[in-house]
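When reading the values below, keep in mind they use all heavy atoms of this one structure, side chains included, and skip hydrogens, waters and symmetry mates.
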Amino acid sequence: MLDLFDEPLPETGEDSVAVIEDLALRGEQGLNQMAHPRFFGWVLGGSAPVGVAADWLVSAWGQNAAFHGSSPTGAAIEEIAGRWLLDLLDLPRDAAVGFVTGGTVGNFTALAAARSAVLRRQGWDADADGLFGAPPVEVFIGKDAHTSVFAALGYLGMGRKRVHRVRTDQEGRMIAGDLARQMEDATGPSIVVAQAGQINTGAFDPFGDIVSIARAAGAWVHVDGAFGLWARAHRDYCSLTEGVETADSWSVDGHKWLQTPFDSGYAIVRDTAALQAAMKIDASYLPPQGQGERIPCFLVPELSRRARGIPTWAMIKSLGRMGVEALVARHCGIAQRIAERLAAADGVRVLNDVVLNQIIVSFGCLTVAAGDGKSATEAVITALRDKGEIFVSGGYWHGEWVMRISVICDATMPGDADVVASLILTAWAEVREAAIGQGR
Ligand SMILES: Cc1ncc(COP(=O)(O)O)c(C=O)c1O
């Protein structure tokens with residue numbers, strides 16, 4: 001693709017329609033079909049058409065949605081979409097909702113508020129004075145937390161490695177007893193990071209216990225719920241998240257279960273003042289804040305910004321509460337069915353308790369490509385990708401290379417479950433036969 005686009009800086013311009021036609025012609029040769037019903041890689045929503053159309057309007061309107069004064073439409077729609085999100089996710093209705101680019105920046109933004117707040121309680125203004133000389137902030141986090149949280153801690157000067165790693169169980173859930181033990185001596189400013197939806201297993205931390213342990217130590221509790229927090233939209237899955245609403249902040253993605261186009265995420269913080277203290281950008285030349293007006297850029301780490309709330313508004317408006325609920329139920333049902341079919345097959349192990357939409361699987365114990373250390377599972381993933389009928393990804397889970405199947409695209413229908421299971425099992429049979437043929 002680089003070769004396809006590699007050309008010297010154009011000295012003169014070209015006709016705009018020709019530019020776009022050329023872009024489409026060349027660009028389409030390097031796309032992944034991420035919005036396809038049988039795309040199960042990583043954890044990616046399906047960029048639903050209504051969200052895409054709303055996103056076109058966002059660009060076509062050419063708004064800088066930093067302030068209400070600069071774009072009343074952008075600010076007002078964000079305000080309403082924020083209220084709808086709090087309702088859908090059943091989180092405190094007076095929490096602040098910052099519209100960001102995704103889960104990583106959601107974690108960063110909420111943890112910035114957390115850092116500010118826990119230090120302010122110790123009489124230290126980190127936003128004004130930075131971290132040099134500040135009382136050290138202790139961060140407690142599950143060993144199986146998502147990599148983006150560690151990145152966010154790094155960006156915030158709290159260190160990717162300078163954390164207390166709390167033990168987890170076989171599903172990646174934080175063990176509350178270990179958190180309690182590790183927090184016994186925590187008297188200074190501290191933050192606990194919990195997780196709703198482990199990236200591989202889809203498992204949920206025990207929020208009720210975590211929050212009570214953290215509260216006893218005066219700690220802030222942040223929850224990374226990029227996709228898992230959407231379980232709250234369905235009555236049957238909501239219990240998985242019990243107690244999560246008592247935390248202090250949450251990060252969630254729109255470009256996962258809500259199916260908005262990329263990029264869309266939310267930093268939700270109970271204490272609006274703490275979020276604003278960490279994020280606010282102000283100057284006399286910028287539009288003033290009128291009575292009751294939302295100022296989007298006071299809640300996120302950007303000044304100039306697109307009106308990110310608009311695709312979220314459009315997705316919620318088109319799905320409604322019942323549509324979101326149905327999406328969650330459908331995807332979890334499909335995941336269950338695929339897992340059942342795979343688990344019943346010879347040589348296939350489903351490694352997680354499929355409580356949500358994530359499945360991890362390993363195949364046999366054959367080392368197909370000697371020396372790569374990854375086992376037959378990688379060979380099945382590669383075989384499936386080569387055939388091009390479905391897309392799954394891989395990753396390490398507790399020391400083992402696994403196939404990851406994430407059911408989260410709105411185009412994926414119940415009828416896909418058996419087709420997908422059969423395709424995977426056929427690929428596994430071929431890999432096994434080839435390996436036996438080669439005497440492995
Ligand atoms: C649990 C979890 N947290 C955070 C993220 C990061 O989100 P994003 O890729 O939107 O930045 C992901 C992405 O898959 C995730 O699954």
Side-chain angles (χ1 to χ4, degrees), residues 31 33-37 39 43-68 70-91 93 95-103 105-106 109 225-227 229-234 250-268 293-297 299-300 302 304-331 357 407-413:
L31 303 182
Q33 292 215 44
M34 291 179 170
H36 191 280
F39 185 95
V43 186
L44 305 180
S47 295
V50 62
V52 172
D55 208 50
W56 286 346
L57 279 180
V58 169
S59 295
W61 283 340
Q63 301 291 286
N64 182 341
F67 287 82
H68 185 106
S70 65
S71 180
T73 298
I77 292 182
E78 236 185 63
E79 176 66 22
I80 301 305
R83 287 185 206 164
W84 288 354
L85 283 170
L86 295 175
D87 201 344
L88 267 174
L89 300 172
D90 195 12
L91 293 176
R93 302 303 192 270
V97 184
F99 286 75
V100 292
T101 52
V105 180
T109 306
F227 64 95
L229 216 51
W230 288 104
R232 288 179 73 71
H234 195 288
W250 306 262
S251 168
V252 202
D253 266 322
H255 58 222
K256 288 191 167 54
W257 239 326
L258 193 58
Q259 315 294 326
T260 64
F262 296 95
D263 41 26
S264 167
Y266 321 108
I268 305 178
E293 282 177 3
R294 176 189 181 89
I295 306 297
C297 76
L299 306 172
V300 297
E302 294 164 333
S304 291
R305 58 192 294 282
R306 64 193 285 102
R308 272 212 181 80
I310 293 178
T312 294
W313 179 91
M315 282 312 307
I316 300 177
K317 184 101 174 123
S318 92
L319 288 167
R321 191 195 295 277
M322 285 163 70
V324 178
E325 196 180 39
L327 261 183
V328 170
R330 183 190 343 135
H331 289 147
N357 64 326
V407 186
I408 196 161
C409 172
D410 67 324
T412 308
M413 294 295 161

Using the rule given for side-chain contact (heavy atoms from CB on, under 4.5 Å), can you reason through Phe99 versus Leu85, listing the C-alpha separation, both sets of side-chain angles and the distance that settles it, and then say yes or no?
CA-CA 11 Å; Phe99 286 75; Leu85 283 170; 4.1 Å; yes
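- Side-chain contact check for Asp410 versus Leu319: every heavy-atom pair is 4.5 Å or farther apart.
- With rounding to the nearest 0.5 Å, the separation of NE2 in His255 from CG in Leu44 is 7.5 Å.
- Atom CH2 of Trp230 is separated from atom CG of Leu327 by 10.0 Å, given to the nearest 0.5 angstrom.
- Side-chain atoms of Thr260 come within 3.5 Å of backbone atoms of Gly254 as a donor-acceptor pair (strictly under, hydrogens ignored).
- Across every non-hydrogen atom of Ala96 and Leu299, the tightest pair is CB-CD2, 4.2 Å.
- You'll find the side chain of Leu91 reaches within 4.5 Å of the side chain of Leu229, heavy atoms only.
- The side-chain heavy atoms of Leu89 and Tyr266, taken from C-beta on, include no pair separated by under 4.5 Å.
- With His68 as reference, Pro72 is the one residue of Ser71, Pro72, Ser70 to meet the side chain to side chain contact (heavy atoms under 4.5 Å, CB included) rule.
- Classified by interplanar angle (parallel below 30°, tilted 30° to 60°, perpendicular above 60°), the ring pair Trp257/His331 is parallel.
- In this structure, CH2 in Trp250 is found 8.5 Å from CG in Leu86, a value given to the nearest 0.5 Å.
- Side chain of Arg305 to backbone of Val300: no donor-acceptor contact under 3.5 angstrom is found.
- Nearest heavy atoms, Thr412 versus Arg330: O-NH1, 2.6 Å.
- Judged by distance alone, the side chain of Gln259 and the main-chain N or O of Ile408 form a donor-acceptor pair under 3.5 Å.
- Of all non-hydrogen atoms in Pro261 and Asp55, the two that sit nearest each other are CG-CB, 3.9 Å.
- To the nearest 0.5 Å, atoms CD (Gln63) and CG (Leu57) are separated by 11.0 Å.
- The CZ atom of Arg294 sits 9.5 Å away from the CD1 atom of Ile80 when rounded to the nearest 0.5 Å.
- Between Ser264 and Arg308, the side chains place no donor N or O within less than 3.5 Å of an acceptor N or O (distance only, hydrogens not considered).
- Taking CZ of Arg306 as the reference point, atom CG of Asn64 lies at 11.5 Å (rounded to 0.5 Å).
- Taking every heavy atom of both residues into account, Leu258 and Met315 meet most closely at O-CE, 3.3 Å.
- In this structure, the side chain of Asp253 does not engage the main chain of Phe227 through any donor-acceptor pair within 3.5 Å.
- Inter-residue side-chain proximity for Glu302 and Thr101 is flagged as met; some heavy-atom pair is nearer than 4.5 Å.
- Taking 4.5 Å as the limit, every side-chain heavy atom of Val97 sits out of range of all side-chain heavy atoms of Trp84.
- The nearest pair of heavy atoms linking Ala35 to Ala411 is O-CB, 4.1 Å.
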**Prompt:** Given the rule in the side-chain contact (heavy atoms from CB on, under 4.5 Å) test, do Asp87 and Arg321 qualify, once you have shown the distances and angles that lead to the verdict?
**Reply:** CA-CA 9 Å; Asp87 201 344; Arg321 191 195 295 277; 3.3 Å; yes
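- In plain terms, the two heavy atoms of Gly106 and Ala267 that are nearest each other are O-CB, 3.8 Å.
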